[in-house]
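Each remark here refers to the structure printed beneath this line.
Throughout, protein chains are lettered first and strands after them, A, B, ... in sequence-line order, and every chain is numbered starting at 1.
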Amino acid sequence: MRQDDRDQVEILLVEHLVEKYGRETPINVGEDAVEIDMPVTTLVTGVKPKTLGDLEMVLDYCEEQLTHLLSCCHTGMEGNNLDFESKVFHAGMIDQVGMEIADAAQISAYGFPRADPEAPFTEIGWGVVDTSKPVILVIGHNVPPAVEIVNYLIDHQLYGQVEVAGICCTAHDITRYNAGAKIIGPISWQLRFVRSGIPDVIVVDEQCIRTNLIMEAMKIGAPFIAASEKCCHGLPDRTHDDPDAIVEDLVSGKAPGALILDPDKVGEVAVRVAMEIAPKRRKSGILPSREEVVEWAKRCRRCLECRRACPNDLPIPEALEKAAKGDLSALEALYEDCIGCVRCESACPQGIPIHSLIASAARERMASERFKIRVGRGAVQDVEIRRVGGPIVLGEIPGVVALVGCANYPRGGIEVAEIAEEFARRNYIVVATGCAAMSMAMVKDEEGQTIYEKYPGVFDAGGVLNIGSCVSNPHIAGAAIKIARIFAKRNLRANYEEIADYVLNRVGAVGVAWGAMSQKAASIASGFWRLGVPVIVGPHGLKYRRMLLGRREREEDWYVYDARTGERVYVGPAPEHLFYAAETKEEAMVMIAKLVMRPSDTTKGRAIKLTHWIDLHKRFYGCLPDDLHLYVRRKADIPITMRDEIMKFLEEKGWQERPIPDPTLLKRLIRG
Amino acid sequence: MRGESWQTAEIPGPKKAHVITDPRIVASLIKRSSRPILVVGGEADEAVVNYAIELSKAVGIPIATTPSTLKAFSDKGFKEAHPFSAVEIGERLRDPDWEGLDGSGQYDLALFIGFKYYVSWLILSGLKHFAKRGDGYLTTISLDPYYQPHASWSLPNLTRERWEENINGVLQHLRR
């Protein structure tokens, strides 16, 4: 489709940016610090986009591939499980290209931080919003409408008079555009914040939006603006209407909401409505008072339906029983573990607004939520890769841990922060995106600091990086790819097989989607699997009903070629799994330390990795790993401080030293 | 509610577990089995760990446990628990050719205890559909206090007190 053919209201991100900033706008994700702007795209397609206009041909490729994949979804297309798996891998790879296009386009056009380790701090949490001002809440994954809200405020000298706050990835991206915007929290904060009545206008774009959000907005008298053709909420299309008429209808309550497929117009309408309606609404919400909570709780008949409906089996009936007697502490205690799905309310035959009761009981705690988070920095610099590429491939930096995905946590977001802190403290590189990057920020230490304040934002040992929103995930894949290019001088253009072989055998990276929930999250994960990066999900991730599990005891599964000689060499199960669900955070942490081991590790690197794995294993499981002998190749691999204990273990297992190859699974890469 | 999923979102297919109405049923299934195994999950509290040890000692059932629970066993001086995560043991029980914990071959009966509801719900679902044993499938028993429709046999949804009565009843009948 050519520019002049396009429907003027089509606001898909790239089209919108091309229309607004021009086809010749250069792709620039990192100024002079980044030579390879779009490594995933170059690797998959061979194309090296230079301008926004160049992205269109890559999008054409993605569309073609996705069309084929859709045809593959028809009945009769999977005679073997590998048929299915290969399509999953392919879809994930194409999705990585699509996400990279989106983020490269918005970084280039909007001037988001460009691979900046010193990206500015912004605030996150319920308590960061100045409730004396009109508040516009933006939700979703496609930032242009939110950007135009900020632009309208600036252009009309209103900046600072209206609060712009976000939930989910639009929140990440609007703070990348303007660090004065604020983040309320991950997807699970959506309903509790809306019900507080603080938002005066709610603007949604696409993805991660509660389907009934317009009804919730109506309950608090906040006008609702849908801004994406992908998610219209049944609202009338007002895109071509006079803004004055739309504002009047929304402020008067004549219309509860409007579909506006023009980001500029969304910016104007949202701001004007917020400023006019805020004095009338007075932040009226529907969270019950303390006394009302007690009265509601007295209606509970202990049928247990709320608990049975809760994905985390939270003890809601017990909490309501206490609340009925005036003790709200048990209700408040549910706040951290509640994922905000509100299935409890749907299940309650008494119509008790249980989610509101929990939020009300935790009202003081919510109001005090105020944390610091670095805004998403985007890509990893080439110079950073030059510095760490060697230590990562040799194993001396023990690994890269990527905490990504949704907020469907089994026991609250605090577990993500604990995982991040554990590995940052151990000098792994910790990178984060999406809701996980937010959850990591929402915990303070005894000094009152968040993890982003304590650790540097540089891609180096002990760094903790907020990469950005979900579409920023390809920067993580891109870092692995750039290690192959910059450190090992491998060709990237349309050379996926070789680079995936390189990453699988040499780059000790692991993804963790502790609250994985959506099919989109699974798609992102599958893009990483294909590249050779294992992914661990939390227990809810089992609901995907598919794992990619290795069998460590099957020796024949763990041979590679030695590229120097062509010999087949046993390298142990490294990495053992590509997709794994852990029941507990402790299990996840031990598995992270295990899955970063790679056949190419030097003895020094393997010793470092073994030290962390064994240490965590002992701490959480109380013993040495029973498969430790599979990961020790030479005596020099053994951590010095554990030598006697491990040698005794190895002798019991009949262990013998084995060679360390130059590993590859590709026969064509054998040099000898 | 006896034969209903504890978590209402977990809707099973038409083939559902027999409800264990008497602990003697479990004792009988264990006695008839030639190769039973007990699988312990990451939610196991001290009572579950104690029970697993008693069950193992009573009839010599080997234990595969989620690694998170391994320490609880070793702290009690029980060294015979083998660490396998939920997904790892699920994959091995599915495979008819797995050599088992002792190298003597696959199991014909797997008992599950100490899991998050939805975790064992999903593992048992996989086994129900894919763990072939000859012309049939692996027999599974859920001993948690919730009805697990994808097991072959499951306790119903129970209060803690009634659950303890039931699992202790199993032990008593095994010891007779």
Side-chain angles (χ1 to χ4, degrees), chain A residues 81 303-314 341 343-344 346-347 408 410-411 536-554 573 576-577 579-591 594 616-628, chain B residues 1 4-10 40-44 64-79 81-92 94-95 97-101 103 114-126 129-130 144-147 157 159:
Chain A
N81 64 312
C303 69
L304 309 183
E305 289 299 312
C306 53
R307 179 164 187 166
R308 295 181 64 203
C310 175
N312 281 337
D313 200 13
L314 294 179
C341 68
R343 285 177 50 82
C344 50
S346 305
N408 190 22
R411 285 182 179 154
I536 298 169
V537 287
H540 285 298
L542 265 171
K543 293 172 186 171
Y544 289 128
R545 288 173 173 259
R546 54 193 299 275
M547 298 280 119
L548 296 168
L549 302 171
R551 292 277 290 274
R552 53 186 172 268
E553 69 272 24
R554 285 182 176 163
E576 184 179 10
H577 310 300
F579 191 36
Y580 178 91
E583 271 190 278
T584 63
K585 74 169 189 294
E586 291 83 6
E587 185 185 329
M589 286 197 263
V590 176
M591 189 53 76
K594 185 180 188 182
L616 285 164
H617 201 283
K618 280 184 161 182
R619 190 166 111 207
F620 294 132
Y621 303 163
C623 58
L624 285 174
D626 69 342
D627 52 350
L628 173 60
Chain B
M1 205 166 87
E4 292 177 19
S5 294
W6 168 249
Q7 290 195 303
T8 47
E10 312 301 357
V40 181
E43 293 294 295
T65 181
T66 304
S68 315
T69 309
L70 189 63
K71 193 164 185 293
F73 282 98
S74 57
D75 286 349
K76 291 179 181 297
F78 187 83
K79 305 292 184 191
H82 299 259
F84 284 95
S85 71
V87 292
E88 288 175 340
I89 195 66
E91 156 60 14
R92 282 161 176 80
R94 178 205 59 78
D95 176 7
D97 298 325
W98 183 42
E99 293 181 347
L101 301 173
F115 283 90
K116 280 185 172 64
Y117 184 78
Y118 57 89
V119 169
S120 49
W121 196 95
L122 288 155
I123 299 290
L124 288 164
S125 170
H129 291 288
F130 299 109
D144 277 326
Y146 307 109
Y147 179 67
N157 296 314
T159 62

Side chain, backbone, both or neither: which part of [X] has an atom under 4.5 Å from a heavy atom of chain A?
X: B:W98; result: both
X: B:Y118; result: side chain
X: B:E10; result: side chain
X: B:D75; result: neither
X: B:S125; result: side chain
X: B:Y146; result: side chain

Next on the checklist: Between A:H577 and B:V87, is the side-chain contact (heavy atoms from CB on, under 4.5 Å) condition met? List the steps.
Outcome noted: CA-CA 11 Å; A:H577 310 300; B:V87 292; over 6 Å; no
Checklist entry - Top residue by heavy-atom pair count (under 4.5 Å) with chain B, among A:R545, A:E586, A:M591, A:H617? => result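 Going by pairs under 4.5 Å, I would pick A:R545.
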Contacting moiety of [X], where chain B heavy atoms sit under 4.5 Å:
X: A:R619; result: backbone
X: A:R343; result: side chain
X: A:P311; result: backbone
X: A:F620; result: backbone
X: A:D313; result: both
X: A:L542; result: both

Please round to the nearest 0.5 Å and tell me the distance separating atom [atom1] of [X] and atom [atom2] of [Y].
X: B:S68; Y: A:E583; atom1: OG; atom2: CD; answer: 6.5 Å
X: B:D97; Y: A:R554; atom1: CG; atom2: CZ; answer: 8.0 Å
X: A:C623; Y: B:K71; atom1: SG; atom2: NZ; answer: 10.0 Å
X: B:N157; Y: A:R308; atom1: CG; atom2: CZ; answer: 6.0 Å
X: B:K116; Y: A:H540; atom1: NZ; atom2: NE2; answer: 7.5 Å
X: A:L304; Y: B:W6; atom1: CG; atom2: CH2; answer: 5.0 Å

Checklist entry - So does B:E43 pair up with A:R411, basic N to acidic O under 4.0 Å? => result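 Judged by the 4.0 Å cut-off on N to carboxylate O distance, B:E43 and A:R411 do form a salt bridge.
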Item to check | Shortest non-hydrogen contact from B:T8 toward A:A309 | outcome: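 Shortest heavy-atom contact: OG1-CA, 3.5 Å.
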Checklist entry - Tell me, do B:R92 and A:E553 make a side-chain contact under 4.5 Å, heavy atoms counted? => result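 Heavy-atom side-chain distance check passes, below 4.5 Å.
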Checklist entry - Counting only N and O atoms by type, is there a donor-acceptor contact under 3.5 Å from the side chain of A:E587 to the main-chain atoms of B:P67? => result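 Here the side-chain-to-backbone pair does not exist.
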Next on the checklist: So for atom CZ, which belongs to B:F130, do other residues, nucleotides or ligands contribute more than 12 heavy atoms lying within a distance under 6.0 Å?
Outcome noted: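 No, because the 6.0 Å sphere around CZ of B:F130 holds 12 heavy atoms or fewer from other groups.
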